[in-house]
Amino acid sequence: MSKGSVPFERTLYGYFVGKRVAFPLVKDRLQDLWKEHGISENFIYNNDMFFFKFNDDKGMNYFIQKGIWKINGIPLFLRKWDPNVFIEKPTLDRVPVWVNIFGIPLQLFNRDGLSLIASKLGKPLEVGSYTTTMCERATGRAVYARILIEMSAEAPWEKEIKIKAFTAKDATATTLRMEYSWNPNRCDHCKIFGHDLTTCTSQATSGADPTLSTCTPSPKLS
């Protein structure tokens with residue numbers, strides 16, 4: 001297993017939510033840009049997953065930190081390949097999204113505090129490079145924390161959350177504001193991303209009252 005993993009040490013894999021973009025178009029649109037940052041090879045696996053191999057960590061990390069890339073307006077989600085994780089076609093009930101969280105008290109601007117806050121939204125996956133530096137050095141402009149979070153389609157995403165920041169003397173309630181890098185269409189019937197109630201074919205065949213499916217509940221975020 002370890003020897004087989006070596007050729008993929010600097011590899012990202014990605015997938016589209018919703019309509020998949022044809023591989024030749026993905027390759028054509030990103031080839032020049034990605035070569036500038038050290039991409040050495042790209043290929044498609046199992047007709048769903050796109051793989052991109054890099055010459056060095058710098059180029060690879062640039063594309064991870066950049067966030068979501070769009071091809072023809074359709075988001076391409078990128079993750080770092082992990083030999084310990086079996087890669088399969090992702091379900092559409094969860095998506096990784098970079099979230100900027102504003103108003104975090106300084107006593108919580110550390111890895112433990114940020115992990116606790118991010119867990120209220122979904123599953124924390126990664127912390128942005130500048131936010132990591134803030135946590136390690138306890139200096140800089142802590143305007144917001146940037147965290148990659150696996151968000152669920154179970155319910156609309158929160159625009160604000162309330163937390164309590166504890167000190168040696170008391171606890172202070174504060175409100176944190178969320179800014180999402182992308183807000184996908186979400187179906188309240190199927191509990192998945194990629195479409196909404198107005199285009200849901202599953203609900204139309206489930207015997208639901210059509211008067212209840214004329215619109216999608218407005219999400220709580222912009």
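Note that the coordinates shown come from a computational prediction; the quantities given were computed from them, not determined experimentally.
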Original post:
Are M134 and V127 connected, step by step, through hydrophobic side chains (Ile, Leu, Val, Met, Phe, Trp, Tyr) whose heavy atoms are closer than 4.5 Å?
Top reply: no
Original post:
Distance from H195 atom NE2 to N185 atom CG, nearest 0.5 Å?
Top reply: 9.0 Å
Original post:
Say you draw a straight line from CH2 of W81 to NZ of K53; how long is it, rounded to the nearest 0.5 Å?
Top reply: 10.0 Å
Original post:
Would you find more than 12 non-hydrogen atoms of other residues, nucleotides or ligands less than 6.0 Å from K191 atom NZ?
Top reply: yes
Subject >> Spatial distance of atom CD (E158) from atom CE (M151) [nearest 0.5 Å] >> reply: 8.5 Å
Original post:
Is S115 reaching over with its side chain to a backbone N or O of R111, donor-acceptor style, under 3.5 angstrom?
Top reply: no
**OP:** Please test F193 against W157 for ring pair (Phe, Tyr, Trp, His ring centres under 6.0 Å), starting from the C-alpha separation and ending with a verdict.
**Re:** CA-CA 12 Å; F193 299 109; W157 298 348; 5.6 Å; yes
**OP:** Under the side chain to side chain contact (heavy atoms under 4.5 Å, CB included) rule, what do C187 and L197 come out as? Steps first, then yes or no, please.
**Re:** CA-CA 5 Å; C187 180; L197 283 176; 4.0 Å; yes
Subject >> Shortest non-hydrogen separation from G103 to T174 and the atoms involved >> reply: O-OG1, 4.2 Å
Subject >> Check: L125 and R79 side chains under 4.5 Å, non-hydrogen atoms >> reply: yes
Original post:
With sequence neighbours excluded, what pairs up with D57 under the side chain to side chain donor-acceptor pair (under 3.5 Å) test?
Top reply: R10
**OP:** Give the minimum heavy-atom separation between I149 and A118, together with the two atoms involved.
**Re:** CD1-CB, 3.8 Å
**OP:** For A153 and R186, work out which heavy atoms get closest and say how close.
**Re:** O-NE, 2.8 Å
Original post:
Do the side chains of L25 and F50 join up, straight or via other hydrophobic residues, at under 4.5 Å, putting them in one cluster?
Top reply: yes
Original post:
CG/N61 to CG/L12 distance, rounded to the nearest 0.5 angstrom?
Top reply: 8.5 Å
Subject >> Contact check, side chains of I163 and P105, non-hydrogen atoms, under 4.5 Å >> reply: yes
Subject >> Euclidean distance, I101 CD1 relative to L108 CG, rounded to 0.5 Å >> reply: 11.0 Å
Original post:
Side chains of V143 and F102: does their closest heavy-atom pair fall under 4.5 Å?
Top reply: yes
**OP:** Measure the shortest side-chain to side-chain distance between I161 and I117 over non-hydrogen atoms and say whether it is less than 4.5 angstrom.
**Re:** yes
Original post:
So do L148 and W98 actually touch side chain to side chain, heavy atoms under 4.5 Å?
Top reply: yes
Original post:
Is the backbone of R146 close enough, under 3.5 Å, to the side chain of T131 for a donor and an acceptor to pair up by distance?
Top reply: yes
Subject >> Between CG on residue D93 and SG on residue C190, distance to nearest 0.5 Å >> reply: 11.5 Å
